[in-house]
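Notes follow the structure.
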Amino acid sequence: MKDEYSLTWKLKTLIWSISAGTIVSFFFATNFLDWATSFNPGGSILLISPIMCGLLLGIVTWEADAIQTVLSSFILTTTATVGVILTLTSPMLLGVAWVPDTYYIYVAQNVMISIILILPLSLLGAMVGRFFSENTIMSSDYRKEREMLKSETDEWYQMLEEKLEEKRAALAALDDVRTEDEPEVPSEISE
């Protein structure tokens, strides 16, 4: 059962990451190709789309370890970058349009801009989404269970401290008894 849940969760996270990367690559590619398309979302979408997709990704991955959220952000960035590369190089790859030699520099610049903007912004959004989910969206049952576990853990630590104190006191009493029971050695024999 645990393996099925883990596999299902990993597959869900992968699908969410690839979907978010596709959305981000769409907005980046349309912004980079504003001279060739009639749809131009504007420059502010370069900042908003990775943050919002990262935020949703953080909300989806709040139950998992933080490393899973970071890995999901890397998958989002990789998918978005590959999407931007494919979109910008498709005229050259398919041979449907003639492009000047300087177009390769244009593609490289836009790919670097994509990587530099998408990774930190999506990671920031994912961490904010995790924080938001853990503190706000978390169900009341889960919150009660977590508080109960915390109180049980505190009780165990308190019991361990009491036992440790009892053992220390018993050892101290044992040392006192040993020193009292030892016979005194006359000074003549000890020399």
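All values below come from the heavy atoms of this structure, side chains included, with hydrogens, waters and symmetry mates left out.
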Working to the nearest 0.5 angstrom, can you tell me the gap between [X] [atom1] and [Y] [atom2]?
| X | Y | atom1 | atom2 | result |
| --- | --- | --- | --- | --- |
| Ile85 | Ser25 | CD1 | OG | 11.0 Å |
| Leu121 | Ile116 | CG | CD1 | 11.5 Å |
| Asn31 | Ile45 | CG | CD1 | 8.5 Å |
| Leu7 | Lys12 | CG | NZ | 12.5 Å |
| Leu57 | Ser17 | CG | OG | 4.5 Å |

With sequence neighbours left out, write down each residue that passes side-chain contact (heavy atoms from CB on, under 4.5 Å) with [X], or none if nothing qualifies.
| X | answer |
| --- | --- |
| Leu86 | Val82 |
| Phe26 | Thr30, Phe39 |
| Ile113 | Phe32, Asn110, Leu117 |

For Tyr103, check ring-ring contact (aromatic ring centres under 6.0 Å, His included) against everything at least two apart and list the hits.
->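 Only Tyr106 meet the ring-ring contact (aromatic ring centres under 6.0 Å, His included) criterion with Tyr103.
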Residue pairs passing the side chain to side chain donor-acceptor pair (under 3.5 Å) test where at least one lies in residues 149-161, sequence neighbours excluded =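 Pairs touching residues 149-161 that pass the test: none.
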Qualifying side chain to side chain donor-acceptor pair (under 3.5 Å) pairs with a residue from residues 69-87, counting only residues at least two apart or across chains |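 Output for this query lists Thr61-Thr69, Thr69-Arg130.
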Show which residues join [X] in its hydrophobic cluster (side-chain heavy-atom contacts under 4.5 Å, direct or indirect), or state none.
| X | answer |
| --- | --- |
| Met127 | Val70, Phe74, Leu119, Leu123 |
| Ile105 | none |
| Ile18 | Leu14, Ile75 |

Sequence neighbours excluded, which residues qualify as side chain to side chain donor-acceptor pair (under 3.5 Å) partners of Ser114?
->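 Partners of Ser114 by the side chain to side chain donor-acceptor pair (under 3.5 Å) criterion come out as none, since no residue qualifies.
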Treating Ile, Leu, Val, Met, Phe, Trp and Tyr as nodes and any side-chain heavy-atom pair under 4.5 angstrom as an edge, say whether [X] and [Y] lie in one connected cluster.
| X | Y | value |
| --- | --- | --- |
| Phe131 | Leu124 | no |
| Ile15 | Leu76 | no |
| Val84 | Leu33 | yes |
| Ile118 | Val107 | yes |

Looking at residues at least two apart in the chain, or sitting in another chain, which of them share a salt bridge (charged side-chain N to carboxylate O under 4.0 Å, His left out) with Glu165?
->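 Partners of Glu165 under the salt bridge (charged side-chain N to carboxylate O under 4.0 Å, His left out) test: Arg168.
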Answer yes or no: is there a side-chain heavy-atom contact under 4.5 Å between Leu56 and Val60?
->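 Sidechains of Val60 and Leu56: no contact.
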Flag the pair Phe27 / Leu46 as yes when at least one side-chain heavy-atom distance between them is below 4.5 Å, and no otherwise.
->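 No; the side chains remain at least 4.5 Å from each other.
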Pairwise salt bridge (charged side-chain N to carboxylate O under 4.0 Å, His left out) hits with a residue in residues 17-40, at least two apart =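 Sorted pair list comes back empty.
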